[in-house]
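Right, one structure below, let's go through it.
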Number of protein chains: 2
Amino acid sequence: MNVVEKLRNVNLRPTKQRILLAKQILDGKNKHFTAETIQKEVLSNGQSISLATIYNCLNKFVSVGLLKQIDQQGEVTIFDTNVSHHHHFLNQNTGELIDIDPDEIGFSKLPDIPNGFESDGVEVLIKIKE
Amino acid sequence: MNVVEKLRNVNLRPTKQRILLAKQILDGKNKHFTAETIQKEVLSNGQSISLATIYNCLNKFVSVGLLKQIDQQGEVTIFDTNVSHHHHFLNQNTGELIDIDPDEIGFSKLPDIPNGFESDGVEVLIKIKE
DNA sequence: TCAACAGGTTAGAATAATTCTAAACTAGAT
DNA sequence: ATCTAGTTTAGAATTATTCTAACCTGTTGA
Ligand SMILES: [Mn+2]
Ligand SMILES: [Mn+2]
Ligand SMILES: [Zn+2]
Ligand SMILES: [Zn+2]
């Protein structure tokens, strides 16, 4: 499935900018990136796109489930092309995230969910350093 | 141990402002708060302190281990008086964090740490909703 | 006791990530 | 070809946090 179809599937008009981003991002590989790094990649390919558009597009992509947004480690929002449930290593030397497949982690004990609430997902972050 | 002693223990001069904050914060209870919420508490007590000083102090407190800093869910930095290793529920309706004692969580399986790295802690976040 | 000074506080400016505004543009429908 | 809702964009606005630089204060030791 090409990127135009992928965009149509989720009811997003395949504009020049969205196609550009989708080609960069939705190539089947799992990646973590920021709005700025994506813009640099695009610009260094000789193409151009404004940062506002990148935020608009990435936020749309998140809202339709093409991307996940990771709010961790402060400052900058990281986007994740791996939208299935998974965990992360955090390389504390670089800030880089590395995916952990969910079946790599098992629990022998978990706490009771507070009364009146239900679980909405368990995320494990393993901080690593050199 | 009173707050002046606590500050002296970590080589911080017990200034008026640090004492004020330490009394609010280091009362033995586990809390999560932001710089803004602490300032509001102080001001509503009739005392005054600038936001710059609150950031200065809280950052110092973190660097000497009196507080932990939690960079999660974007935007605002949350400070945590529970400096021992623990996990969190995240109430997605309110953004509130609730402590989970580490012995409430057990692992039956954990992934290999990438080559050349060592683990620097495992953090579990259980997202909950009403 | 108190001068000296290193360290601390502060208002306001600066910074930086992200969102907003509003004008110009375009994909898709008819 | 025309129309319109949706999209893009530059630049302004917003917001959390840090910086600047002037003023203040805790501590020390003469
Ligand atoms: Mn931060
Ligand atoms: Mn965010
Ligand atoms: Zn990931
Ligand atoms: Zn906590």
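Nothing here was measured: the structure is a model prediction, and the numbers come from that model.
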side-chain contact (heavy atoms from CB on, under 4.5 Å), that's the test. Do B:Phe33 and B:Thr81 meet it? Break it down for me. CA-CA 9 Å; B:Phe33 56 86; B:Thr81 56; 3.7 Å; yes

Protein and nucleotides 26-28 of chain D: nitrogen or oxygen contacts under 3.5 angstrom:
{"unit_1": "D:dT27", "atom_1": "OP1", "unit_2": "B:Arg8", "atom_2": "NH2", "d": "2.8"}
{"unit_1": "D:dT27", "atom_1": "OP2", "unit_2": "B:Arg8", "atom_2": "NH2", "d": "3.3"}

Is the closest side-chain donor-acceptor distance between B:His32 and B:Asp99 under 3.5 Å? yes

Say whether, by atom type as modelled, one donor and one acceptor occur between the side chain of A:His86 and the main chain of A:Ser84 under 3.5 angstrom. yes

Pairwise distance CG(B:Asp120) to CD1(A:Ile128) - rounded to 0.5 angstrom: 9.5 Å

Please check if the side chain of B:His85 supplies one atom and the backbone of B:Val122 the other of a donor-acceptor pair under 3.5 Å. yes

Side chain to side chain donor-acceptor pair (under 3.5 Å) between A:Asp101 and A:His87, worked out: CA-CA 6 Å; A:Asp101 199 84; A:His87 308 287; over 6 Å; no

Rounded to whole angstrom units, what separation is found between the CZ atom of A:Arg18 and the C1' atom of C:dC25? 14 Å

Looking only at heavy atoms, which two atoms of B:Phe61 and B:Leu21 are closest? And how far apart? CE2-CB, 4.3 Å

Look for any protein N or O under 3.5 Å of an N or O in nucleotides 20-23 of chain C and output each such pair with its distance, or none.
none

Rounded to whole Å, CD of A:Gln69 lies from C1' of C:dA17 at a distance of 12 Å

Rounded off to whole Å, could you give me the CG-to-P distance for the B:Leu7 and C:dG8 pair? 11 Å

Presence of B:Thr53 side-chain N/O under 4.0 Å of C:dT10 phosphate oxygens OP1/OP2: yes

Specify the separation, in whole Å, of atom CD1 of A:Ile49 and atom P of C:dC25. 17 Å

Among residues 36-48 of chain B, which ones have heavy-atom contacts with DNA chain C below 4.0 Å? none

Whole-Å distance, A:Gln17 CD to D:dG6 P, equals 17 Å

Atom OH of A:Tyr55 and atom P of C:dA17: how far apart are they, to the nearest Å? 7 Å

Quick check on B:Lys109: does its NZ atom have over 12 non-hydrogen neighbours (other residues, nucleotides or ligands) under 6.0 Å away? yes

Counting C-beta onward and ignoring hydrogens, is there a side-chain heavy-atom pair between A:Asn45 and A:Gln24 closer than 4.5 Å? yes

Over how many whole Å does the gap from B:Leu20 atom CG to D:dT25 atom P extend? 15 Å

Using whole Å, report how far CG of A:Asn59 lies from P of C:dT18. 9 Å

